[in-house]
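Quick caveat: nothing in here was measured; it's all calculated off a predicted structure. When a ligand or atom number is given, it counts from 1 through the structure's own listing order.
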Amino acid sequence: MLLHIGIDDTDSPNGMCTTYLGALLYREISRIAEPLDLPRLIRLNPNIPYKTRGNGAVVMTFEAEEEVIPLIKDTVLFYVNQLADFEHENTNPGVVFFEGEVPEELREFSLRVLREHVTIEEAGEVARNVGAEYFKFKLGRGIIGSLAAIGYPLEKFTYELLVYREPENFGTPRRVNAESVFLADKWAYPFSYDNVDPYKRVVLITPHGKDPVLAGIRGIDKARVLQVFESVEFEEPVAFYQLYKTNQNTDDHLTPKKIGELKLYDSAVVRGRVAGPYWERGRHVFFELEDETGKIRVAAFEPTKKFRNWVRKLLPGDEIIAAGGVKEHEGVLTLNLEKFYPVKLVPKVEYQKPRCPVCGGTMKSKGDYLKCKRCGYKMPKKLVLVEVPRELERKIYEVPPDARKHLSRPLVLPGGEDKILELL
Ligand code: ATP
């Protein structure tokens, strides 16, 4: 019998990680049942407010004998009871078991959880309809992610190898030799990516929280990911590690929409015209984008750093394709930019001093007249309209790796442009 196990919402900023619990369970259950493939780490809607970090849920599937299924279920519930961070008010674990082939209704539910907002009640109803067994701890919000992870059609995927710490090191600074990460990355990039930020010269594989993860190594090639792991020098003991299959960096969250259709917590790709000049507040850069159905505020927030310079180069009237998540910022619905592509740029004109009509030299302003720097010719100050080059290219601009959503596909990977180009 096929048994799918979904787990979510076991962690808090104070500790734990659902992947850690999942990795322990995967090892434990593999002793009594046959795992079908690797465990899967499924990232769901990145815009919902309840998430601790990356809105990840864990799912694993086993071929299990009928008589061991009760033991497997008891083991899962026991681990969640023992390890979830129940103290934190925003931790509301949910566990779902589903036996047999995944039905269409569950697939559809899963894509809704990825792209929209759903309630605990809706998840309960879908679970009952498809015959899934669910267990709620506290509010049990985790059943949304657990059920969605089971139904997730993981057609495109990448890998992440998660390396875990010994419990006595939880909460202390992570000790990993930075130079070894740079060396490993040089050799493996882009088959394994996001290991370092070469511009800031920082290591990206180590998280910063109190969770049990020592490092996460991502890639599209399993062998390279494993080889990066072997080349990195860990300067504290590695408790164990687990390779996950994941929908990270697939752009699966993005759906093409009209601006008028955008709702809170959507992730979408839209095409529209820049409606006015950009403005800045608190180092965030904003502008408005419109199409025939409506207008939305678009933001490049401070953590996107240099990406904001490209946004500042947009002019009213420019036509762009923009991808991102819809959130509320200061009470206004705002598209949080992940990528954009300039489709059609308006000409940029500026008033400039003319060249010297006698010798072609550069003119200098002298009060209300102009004087040629080369031949001294003088003429009344009359500026001329000149078209100046636009500094934006015909290419997709993306946020830097440390500001990128887990689901967003970096341009360096094949297919990183697809979701944008669909709207061309
Ligand atoms: P980590 O990445 O470290 O595992 P997290 O960011 O995944 O942490 P969770 O603790 O899993 O955060 O919390 C996310 C919660 O939001 C879960 O309870 C999940 O069921 C719920 N959830 C996920 N997607 C949606 C959605 N589309 N609508 C409503 N609730 C959702």
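- Closest to atom 19 (C) of ligand 1 among all protein heavy atoms lies Asp8 OD2, 3.1 Å.
- For the pair Lys419 and Asp251, the salt-bridge criterion is not met [side-chain N within less than 4.0 Å of a carboxylate O].
- Counting protein heavy atoms only, atom 12 (O) of ligand 1 is closest to Thr52 N, 2.9 Å.
- The single protein non-hydrogen atom nearest to atom 29 (C) of ligand 1 is Val118 O, 3.0 Å, given as residue, atom name and distance.
- Scanning all protein heavy atoms for the shortest distance to atom 24 (N) of ligand 1 gives Asn55 ND2, 3.2 Å.
- Shown in contact with Glu116 at under 4.0 Å from a heavy atom are these atoms of ligand 1, numbered in order with element: 26 (C), 27 (N).
- Close approach of ligand 1 to Gly145 (heavy-atom distance below 4.0 Å) involves ligand atoms 19 (C), 20 (O).
- Nearest to atom 15 (C) of ligand 1 among the protein's heavy atoms is Asp9 OD2, 3.7 Å.
- Within ligand 1, the atoms closer than 4.0 Å to a non-hydrogen atom of Gly56 are 2 (O), 4 (O), 5 (P), 7 (O), 11 (O), numbered from 1 in the order shown.
- By the 4.0 Å N-to-carboxylate-O rule, Glu99 lies close enough to Lys73 to be salt-bridged with it.
- Under a 4.0 Å criterion applied to the non-hydrogen atoms of Arg43, ligand 1 contributes the atoms 2 (O).
- A cation-pi contact, defined as under 6.0 Å to the ring centre and within 45° of the axis, links Arg201 to Phe182.
- Taking the ring centre of Phe157 as origin, the terminal cationic atom of Arg40 falls outside the region bounded by 6.0 Å and 45° from the ring axis.
- Using 4.0 Å as the threshold, Gly142 has a heavy atom nearer than that to some atom of ligand 1.
- Every N/O-N/O distance between Arg112 and ligand 1 stays at or above 3.5 Å.
- Taking the charged nitrogens against the carboxylate oxygens, Arg112 and Glu122 do have a contact shorter than 4.0 Å, which makes a salt bridge.
- Geometrically, ligand 1 and Thr10 share no nitrogen or oxygen pair separated by less than 3.5 Å.
- If you number the atoms of ligand 1 from 1 as listed, the ones under 4.0 Å from a heavy atom of Gly54 come out as 2 (O), 6 (O).
- Counting non-hydrogen atoms of other residues, nucleotides and ligands closer than 6.0 Å to CD of Glu280 gives a total above 12.
- In the model, Ser267 has a side-chain atom that pairs as donor or acceptor with a side-chain atom of Asn47 under 3.5 Å.
- Taking atom 16 (O) of ligand 1 as the reference point, the nearest protein heavy-atom neighbour is Ile48 CD1, 3.2 Å.
- Contact analysis leaves Asn92 out of contact with ligand 1, as no non-hydrogen atom separation drops below 4.0 angstrom.
- Using cut-offs of 30° and 60° for the angle between ring planes, the Phe234 and Phe229 rings count as tilted.
- Under the 3.5 Å distance criterion, with hydrogens and angles disregarded, a donor-acceptor pair is assigned to the side chains of Tyr152 and Asn247.
- Looking only at distances, no side-chain donor or acceptor of Arg218 sits under 3.5 Å from a matching main-chain atom of Ile205.
- Ligand 1 places these atoms under 4.0 Å from at least one heavy atom of Asn45: 27 (N).
- When hydrogens are left out, the protein atom nearest atom 8 (O) of ligand 1 is Asp11 OD2, 3.2 Å; that is the closest non-hydrogen contact.
- Ring orientation note: the planes of Trp279 and Phe286 are close to parallel, at an angle under 30° on the 30°/60° scale.
- Interface of Val113 with ligand 1, defined as ligand atoms under 4.0 Å from a residue heavy atom, comprises 24 (N), 25 (C), 26 (C), 27 (N).
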